[in-house]
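When a ligand or atom number is given, it counts from 1 through the structure's own listing order.
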Amino acid sequence: MDKYIICGERRLTGTVDISGAKNAVVAILPATVLANGVCRIENIPNIADVDTALEILNSLGATVSRIDKHTVEIDSRTIVTQTVPHDLAKKMRASYYFIGALLGRFGKASVPMPGGCYFGVRPIDQHLKGFTALGAQVLPMKNGMISACADSLVGNSVYLDMVSVGATVNIMLAAVYAEGITVIENAAKEPHIVDLANFLNSMGADIRGAGTDVIKVRGVNRLYGTTYSIIPDQIEAGTYMAAAVATGGDVTVRNVIPKHLESITAKLQEMGAEIEEFDEEIRVSAGNFLRHCNVKTMPHPGFPTDMQPQIAVLLSMAEGTSIINEGVWENRYRYVDELRRMGAEIQVDGKLAVIQGVPHLTAAPVKAMDLRAGAAMVIAAMAAHGVTEIEDIQYIERGYEDLVEKLRGLGADIRRVSEDEPALQTAQ
Ligand code: UD1
């Protein structure tokens, strides 16, 4: 079991380049199933979830060629099966996007219940409701497999009972070849929804309204290969912005779309950080004093739930009492016990976390409970007094490209070690 060893109290300075968006690429790779031609995808982040999505495409029979670290070409014309293997599906949540894509292209799909981070129950009823509305038959779960089939798919109106990124993506994928018009109401508006729509449209799809809460998909007869570049990762950028603030640093976060970061920028400014926006970069500088504030997570353009653990670390060190209201997931505070080990004072009651700021965090052995919780532990460790060991880093590496190298480039004292290496050494 590998771990990170971090010697804290190092001020981060310099420039960091943001990779392609994880949540966009994990939708766009399954979407290549729909193309009658080669899709060349650029600015792909080099993360474990991408490896898994490519392995799934490979297992279906698609021809996958890695051109370089950030570019891949996929030819889905060679696909021979519509069943995703269990061992791959359980590695990531987004494996369920293969249901919409395979159903849309072949009229059938069998995909195991997906894995991914645990934030409480993660139902997929809205996805299935969408498939059914388009005329698919969703079969009762057998051996942990979700199976759907349709002789033909016909456009329909689908109202989502709650704003769901996953259901919006899956219904878009299933609808691109459906006859007539599909209208998704109360759709998710996240940047990765817009990126997926742009990708599908670049293949010849007819999707309008992505980025608003009504998306219209007019079915087409054929989609072609395309070349497409993934948008920058909003949450990776937000994580480095938070890391800069936590360490009282001065960091320029490069290759970002500042508009996607507005809610994060607003909260960091409220806490006292100085933020300068440029065309494709953001400079974040902070002193040693942070003000408390309240945060409610919401679907985009609200404050992203995927930044909730990272902001909790900052509030743990801010003067006064702050309240976080988790508005998306029922159980996204599993990292709180870990943060308490480092001296944070946090009380959780249902969806609320009440945080009483303390002057300093101190090092402790902690675990990454999930992807973003793990990122939060890294931020806490970089700010804390002493040497922190973080276990279960495989969660973090599902979603952050070259985290150790990027942080070392900013002056952090972080090292990745295997279990058999000596534990407590200074990282640099
Ligand atoms: C995606 C992101 C995840 C992020 C989340 C919310 C990806 C790969 N993952 O997850 O990082 O935290 O959006 O921004 O993009 N729900 C239902 N029924 C459904 C679907 C969802 O009740 O059929 C509920 C969920 O339990 C949750 C809320 O709706 O409370 C939002 O979930 P959703 O937007 O679907 O999250 P994911 O797409 O799984």
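The aromatic rings of Tyr228 and Phe199 sit perpendicular to each other, their planes meeting at more than 60°, with 30° as the lower class boundary.
At a heavy-atom cutoff of 4.0 Å, ligand 1 is contacted by no atom of Leu128, backbone or side chain. The proximity of Asp306 to ligand 1, defined as any non-hydrogen pair under 4.0 Å, is limited to the side chain. In Met92, neither the side chain nor the backbone holds a heavy atom less than 4.0 Å from any atom of ligand 1. Heavy atoms from both the backbone and the side chain of Gln126 come within less than 4.0 Å of ligand 1. Residue contacts with ligand 1, taken as heavy atom pairs separated by less than 4.0 Å, involve Pro123 via backbone and side-chain atoms alike.
Atoms of ligand 1 found under 4.0 Å from any heavy atom of Val163 (numbered from 1 in listed order, with element): 31 (C), 34 (O). Here is the list of ligand 1 atoms found below 4.0 Å of a heavy atom in Asn23: 2 (C), 7 (C), 8 (C), 9 (N), 11 (O), 15 (O). Near Ile124, with a cut-off below 4.0 Å to any heavy atom, the atoms of ligand 1 are 19 (C), 23 (O). Atoms of ligand 1 lying under 4.0 Å from at least one heavy atom of Thr305, given by number and element, are 6 (C), 12 (O), 14 (O). Atoms of ligand 1 found under 4.0 Å from any heavy atom of Arg332 (numbered from 1 in listed order, with element): 12 (O).
Qualifying salt bridge (charged side-chain N to carboxylate O under 4.0 Å, His left out) partners for Glu73, counting only residues two or more places apart in sequence or in other chains: Arg40.
Side-chain N or O atoms of Gln126 include one that pairs as donor or acceptor with a backbone N or O of Asp161 at under 3.5 Å. A donor-acceptor contact shorter than 3.5 Å links the side chain of Arg93 to the backbone of Arg122.
Between the side chains of Tyr400 and Arg372, at least one donor-acceptor pair of N or O atoms lies under 3.5 Å.
Considering backbone and side-chain N/O atoms, Val328 comes within less than 3.5 Å of an N/O atom of ligand 1. Among the atoms of Val165, some N or O lies under 3.5 angstrom from an N or O of ligand 1. Checked by distance only, ligand 1 and Gly166 come closer than 3.5 Å through their nitrogen or oxygen atoms. Among the atoms of Arg122, some N or O lies under 3.5 angstrom from an N or O of ligand 1.
Nearest heavy-atom pair, Ala273 versus Val245, reported as atom, atom and distance to 0.1 Å: CB-CG2, 3.8 Å.
Crowding of Asp68 atom CG: a count of heavy atoms from other residues, nucleotides or ligands under 6.0 Å exceeding 12.
Here Asn255 contributes atom CG and Glu280 contributes atom CD; the two are 6.5 Å apart, rounded to the nearest 0.5 Å.
Across the listed options Gln308, Glu330, His300, Met162, Met162 owns the non-hydrogen atom lying nearest to atom 29 (O) of ligand 1.
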